[in-house]
Amino acid sequence: MASRRLRAFKRWMKSQGIQCSDTLDFMDCPQQGISVRALSDLHEGDVVAKIPKTACLTIKTSGAREMIESAGLDGHLGLSVALMYEKSLAQDSPWAGYLQLLPPQECLPLVWTLGEVDSLLSGTELHKIDEYHGFGMVPLADLFNHKTGAEEVHFTSVSPNQEYEDDVDSENGDNNELSKISGHDKRDSTCENSYIHSDSESDYSSVTGEDPMMLQMIMVREVKSGDEVFNTYGSLGNAALLHRYGFTEANNPFDIVNIDLELVLKWGCSLFSSRYCRTRLSLWRRINISGSVSENSEYFEVSSDGEPELELLTLLYIMLLPDDTCHKLDISICTADKVSANIGMILAEKHDITWSTSSEISKDLLLTEKVCRALLALADIRESCYGSKSIDEDVEALERCCMTERKLYHSLMLRISERRILEKFRTYATAGAQSQTFQDANGTSTRKRLKKH
């Protein structure tokens, strides 16, 4: 039996012209919140919901629109003000039946105290929080839980003039029945993450109900009766999920760990002089290579399988080149037409490999024994950012943690997922070193054209 708040929400949806298929059932769990399950088998192409844009809570549709726009607010900041304004109206808000479903607060690190950020997120990719932007809240759509890489229902904007193929039985063919879409790409006009976005004010001009666009939710995968129906908020790692939505996922394939350029220079200065490191860094940049850049730093990504970016390997390789080889590279950059080819030429000479200017550098060839040792050192430096507790202690703390302790639980999930990547990073470096030792011991040199690994 539906909870009181779900019954109120369903009455509100009907009043707003939101149509929801009878094949969907809403579950209200005190611990895990609301989820959506299939009451019968759902098939690809089934339209399971229609949501008028006028039912969405945005800056344009909120009663606080004039105040928000006069203050020059937009994005999520403007939306937050709109949400606070509508909640302050309680039952007088047009969205009262929807807003009463929302939790009183979310576990977003953006509103944690500085002490909580420092103690719980130390070392993680969230210890320095970036901004992000969004544009509106979509009732009903945000009840579907997220599952990475498992989108089962997809959002699309559709004109009412679009034709539909009625596949329902005549006895059920009333105005509330939802049908299959035909003749159009279901993945066009995406409305990601249960937010809507428009570049045109005209899309929101008809708050009175004349908006020509409808949001639809269409099945893109088969779902068996009784199974939960999942949406996806995008291909996001745990740091992004926690930052934007206040939760994390176990075994998230989109998790990453960043190695800041500052950490690489810290490692370099432990072996060489600062002048030496600056010179080699400058040489690396002259080959038209750089790391990823955020507002405050330059960094290199380590993927969920522990593999570092080519740019990091190239920098370490140049850092560790003998002086005479480095000098040769420097001269060739000054005289060559295509500076990006020079590191490849150096590798070609060292490994007795045929080189062409169209070739791409192989990661395997950059994994010298010294580079692998450098990777292991960087893993240790990056690991030290998490503090004195070991990953095993983090795992034990997570096992003792209750889901109601959301800040602690999700921060531990994030720390553990990142530290698991660093373990794989070490394995990657160790395997590379062992492979190099084996080749050196056997005196082998494979002739092959340089290509991307």
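These values consider heavy atoms only, across backbone and side chains, with no hydrogens, waters or symmetry-generated copies. Quick caveat: nothing in here was measured; it's all calculated off a predicted structure. When a residue number appears, it is its place in the shown sequence, counting from 1.
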Scan side-chain atoms only and decide if [X] and [Y] contain a donor-acceptor pair under the 3.5 Å cut-off.
X      : Y      : result
Glu86  : Ser62  : yes
Thr248 : Asn238 : no
Asp142 : Tyr98  : yes

Heavy atoms only: give me the nearest [X]-[Y] pair and the separation to one decimal.
X      : Y      : result
Trp95  : Leu57  : NE1-N, 3.8 Å
Trp12  : Ala96  : NE1-N, 4.4 Å
Ile18  : Pro52  : CG1-CD, 3.9 Å
Cys269 : Cys277 : N-SG, 3.6 Å
Ser225 : Asp41  : N-OD1, 2.8 Å
Leu261 : Leu281 : CD1-CD1, 4.1 Å

Is there a side-chain contact between [X] and [Y], using heavy atoms and a 4.5 Å cut-off?
X      : Y      : answer
Leu6   : Leu101 : yes
Tyr386 : Leu422 : yes
Leu398 : Ile416 : yes
Leu121 : Pro109 : yes
Leu102 : Met137 : yes
Met319 : Leu265 : yes
Leu378 : Leu316 : yes
Leu140 : Cys20  : yes

Would you say [X]'s side chain and [Y]'s backbone share a donor-acceptor pair under 3.5 angstrom?
X      : Y      : answer
Glu418 : Glu125 : yes
Gln216 : Lys50  : no
Glu44  : Glu222 : no
Thr430 : Thr427 : no
Ser93  : Ala90  : no
Thr61  : Cys56  : yes
Ser282 : Arg278 : no
Ser390 : Glu393 : yes
Asp118 : Gly115 : no
Arg426 : Leu375 : no

Under a 4.0 Å threshold between the charged nitrogen and the carboxylate oxygen, would [Y] count as salt-bridged to [X]?
X      : Y      : value
Glu309 : Lys363 : no
Lys389 : Asp394 : no
Asp305 : Lys424 : no
Arg65  : Glu69  : yes

Working to the nearest 0.5 Å, report the span between [atom1] of [X] and [atom2] of [Y].
X      : Y      : atom1 : atom2 : value
Thr314 : Phe300 : OG1   : CZ    : 9.0 Å
Phe230 : Glu152 : CZ    : CD    : 6.5 Å
Leu126 : Arg415 : CG    : CZ    : 12.5 Å
Asp255 : Asn252 : CG    : CG    : 4.5 Å

*Might you work through the salt bridge (Lys or Arg N to Asp or Glu O under 4.0 Å) test for Asp227 and Arg37, ending with a clear yes or no?*
CA-CA 6 Å; Asp227 290 348; Arg37 296 190 179 275; 5.8 Å; no

_Residues, nucleotides or ligands: over 12 heavy atoms within 6.0 Å of Lys147 NZ_ = no

*Listed by chain and number, what are the ring-ring contact (aromatic ring centres under 6.0 Å, His included) partners of Tyr299, not counting sequence neighbours?*
none

